[in-house]
Protein chains: 2
Amino acid sequence: MSATIKDVALRAGVSTTTVSHVLNKTRFVAKTTQERVFQAAEELNYAPSAVARSLKVKNTKSLGMLVTTTLNPFFAELVNEVEKCCYREGYNLVLCNTDGELEKTNSYLRMLTQKRVDGILVMCSAYDDSLFSSLIGQRNLPMVVMDWGPSDDYVDRIQDNSVKGAHLAIQHLIEQGHKRIAYIGGPLEKLPAKQRLDGFIEAMEQANLAIQDDWVIESDFEFEGGKLGMRQLLSCQNLPSAVFVGNDAMAMGAMSEAQLSGVKIPQQLSIIGYDNCMYSAYFSPPLTTINQPKERLAELAISTMIERIENPRQEGKMIMLEPNLVVRSSVAAVSAK
Amino acid sequence: MSATIKDVALRAGVSTTTVSHVLNKTRFVAKTTQERVFQAAEELNYAPSAVARSLKVKNTKSLGMLVTTTLNPFFAELVNEVEKCCYREGYNLVLCNTDGELEKTNSYLRMLTQKRVDGILVMCSAYDDSLFSSLIGQRNLPMVVMDWGPSDDYVDRIQDNSVKGAHLAIQHLIEQGHKRIAYIGGPLEKLPAKQRLDGFIEAMEQANLAIQDDWVIESDFEFEGGKLGMRQLLSCQNLPSAVFVGNDAMAMGAMSEAQLSGVKIPQQLSIIGYDNCMYSAYFSPPLTTINQPKERLAELAISTMIERIENPRQEGKMIMLEPNLVVRSSVAAVSAK
DNA sequence: TTTATTGTCTTAACCGTTTGATAAATATGA
DNA sequence: TCATATTTATCAAACGGTTAAGACAATAAA
């Protein structure tokens, strides 16, 4: 089929060793010999086999990324950043959507270990015991988990400070005069959802604001879930003046539902989201939201990963990223009252 | 490091051949021997090296996917579908965002050939000569291009019938009584943008409707581009009653801009998009748009790819997918006049 | 009893690289 | 001139699997 290093060596009239060395610049080779090798390689359209190479050097320059679903715009944006970093560092990214299914996760985990990827980035949000044990079974393999994770000795974690983010959101609402605040969040078995709820509760308590039971709704972090959550909220006897929605996807669904029901945003109802996905700037009205530093998150994930690949036995560390508020137009100041 | 087939063989007291055969179920092996092998493998936590295997069997069960950017929700959704199909067929997907940069594209192309992926899915939209020649240089490698492409003898193409889609959009607007129709499209060096514009023009001419010069705007398929396009449109002396926007991302930007400027959608201005991205159902108002059958597209891409991998010398074929209209609430019937 | 057949497993070559050990040729110094 | 360095390139053994060909018993057939 395609040319091998032997073919190149033969044509250049040198040994494969020499070819290897000139192509990798790994040892001095006389200028003229080099040229012969380059020319032979060129003529044969030679592309060295990374698989043979990997077998020998014991690394593949590929990383696996395990993510719940890239259908979620936040994940999509993050994956995008991660891919960028991988490219910059000379790695390939193999994308694995788990769809939250344990079987798919395990299957991918097996594939990735067999393919001998150099490391795995995990972004599955859930803190599910079975997932956990599946991962731990692969403890030999460098791993950084990006939004979740039981701290194991040899895995790094890097995550957004979601309780802080929730505080930021609530604080902003309060500063705008809101007191009657609702919450539509993600499924509680996902860490960020849990943290945002905790932050919400904490912040409300610190401000001495009551939390009305039917104003805190657990949903699923998806568009449709936001819609449903809002529907449920609108069916309450008395309505809040503002709602903190656990991510931008749900915020979009929620806004859509509210507007379809004729409630004006932000005049009648203020909404604040979480994630700061690209498109949230283009909602009508543009969404005020909490920004997760996605680029930074990706950069840290990759640099941490590379560090761990180079030094697998170092103790697992945990990095916390600070979110920040980005105000646009979906929350109004409550004037009267 | 990790156990090899030899370790397993040793521990089970058999040859590596036997181990290989029982693990791959590729030849009969006595029941008791099988058990010994399984147990040994289990005890050693053995994971066969796919890289060693690939070297021998000459395939990697991985596909590369070259895509402009997964930041665009349409691509993101498509990649998602593709990933699903890959998984189902036992392939890994390595994700390569080209960001429209030739250098990155070439670099990835090189990486992918070296990694010996079994095939490459190309979704770069542009019909750029240099890209073209880069790809052709790799003609040995199975390739299916998903939205673009100079037909080469040995590459398959599968694409959405975008001119048909544009017809559908314009027809719908006309049926709703619109006559003053504008168009905001993608960059003309991308095939879908070109086709949609062609379809727009064709459909308008067939209906004997005039196309006003400053009502056809070339933008960039991005959120912000849609916003800018709408801004430009709104600055015209006389406004259209409807606008056909070349994709949903731009439609979102356009709607946002229009609404920010106080024009009511669809009462004052109807909008129809293209792609039917998930989130377009959650716009305010929900977006009427042209649906590209993404799932079908992905399925066809993968099945075509597998066919080509199995039979690389067959003639390249071209498959056209039919879009369809999905009506929601962003276009209103023009009543009076 | 001898030969053929069947069932079960092993030997060894090969896939395409990298790399430590070593050799050949030439230059340098005494 | 000879011993030693230096420069340049080669040999051959891995790496971890797969698989064609063959080996060895045990059993069946002649």
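Within every chain, numbering begins at 1; the chains are lettered A, B, ... in the order of the sequence lines, protein sequences first and strands thereafter.
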Axial cation check for A:Y154 ring with A:R308, 6.0 Å and 45° limits: no

Proximal nucleotide (of C:dT18, C:dT17, D:dG17) relative to the B:R116 side chain: C:dT17

[atom1] of [X] versus [atom2] of [N]: gap in Å, rounded?
X: A:D7; N: C:dC15; atom1: CG; atom2: P; result: 11 Å
X: A:E35; N: D:dA9; atom1: CD; atom2: C1'; result: 17 Å
X: A:L23; N: C:dT18; atom1: CG; atom2: C1'; result: 12 Å
X: A:L55; N: C:dT18; atom1: CG; atom2: C1'; result: 10 Å
X: A:Q34; N: D:dT8; atom1: CD; atom2: C1'; result: 12 Å
X: A:I5; N: C:dC15; atom1: CD1; atom2: P; result: 14 Å
X: B:K56; N: C:dC15; atom1: NZ; atom2: P; result: 7 Å
X: A:Q114; N: D:dG17; atom1: CD; atom2: C1'; result: 12 Å

Side-chain donor/acceptor of B:D118 to backbone N/O of B:T60, under 3.5 Å: yes

Below 4.0 Å: OP1/OP2 of C:dG16 and any side-chain N or O of B:K58: yes

Under-4.0 Å side-chain N/O to phosphate OP1/OP2 contact, B:S20 with D:dT18: yes

Axial bend angle, the helix from C:dT1-D:dA30 to C:dA30-D:dT1: five-pair end segments, nearest 10°: 60°

Residue pairs passing the ring-ring contact (aromatic ring centres under 6.0 Å, His included) test where at least one lies in residues 46-93 of chain A, sequence neighbours excluded: A:Y87-B:Y108

Nucleic acid footprint by protein, nucleotides 4-10 of chain C - heavy-atom cut-off 4.0 Å, B for base, S for sugar-phosphate alone: ----SBB

Under a 4.0 Å threshold between the charged nitrogen and the carboxylate oxygen, would [Y] count as salt-bridged to [X]?
X: B:R11; Y: B:E42; answer: no
X: A:E83; Y: B:K104; answer: yes
X: A:E307; Y: A:K317; answer: yes

Point-to-point distance, once rounded to the nearest 0.5 Å, from CD1 of A:I158 to CE of A:M305: 11.0 Å

A:M146 vs A:L78, side chain to side chain contact (heavy atoms under 4.5 Å, CB included): CA-CA, chis, key distance, verdict: CA-CA 10 Å; A:M146 293 181 70; A:L78 200 55; 3.9 Å; yes

Trace of the side chain to side chain contact (heavy atoms under 4.5 Å, CB included) decision for B:T113 with B:L109: CA-CA 6 Å; B:T113 42; B:L109 233 27; 5.9 Å; no

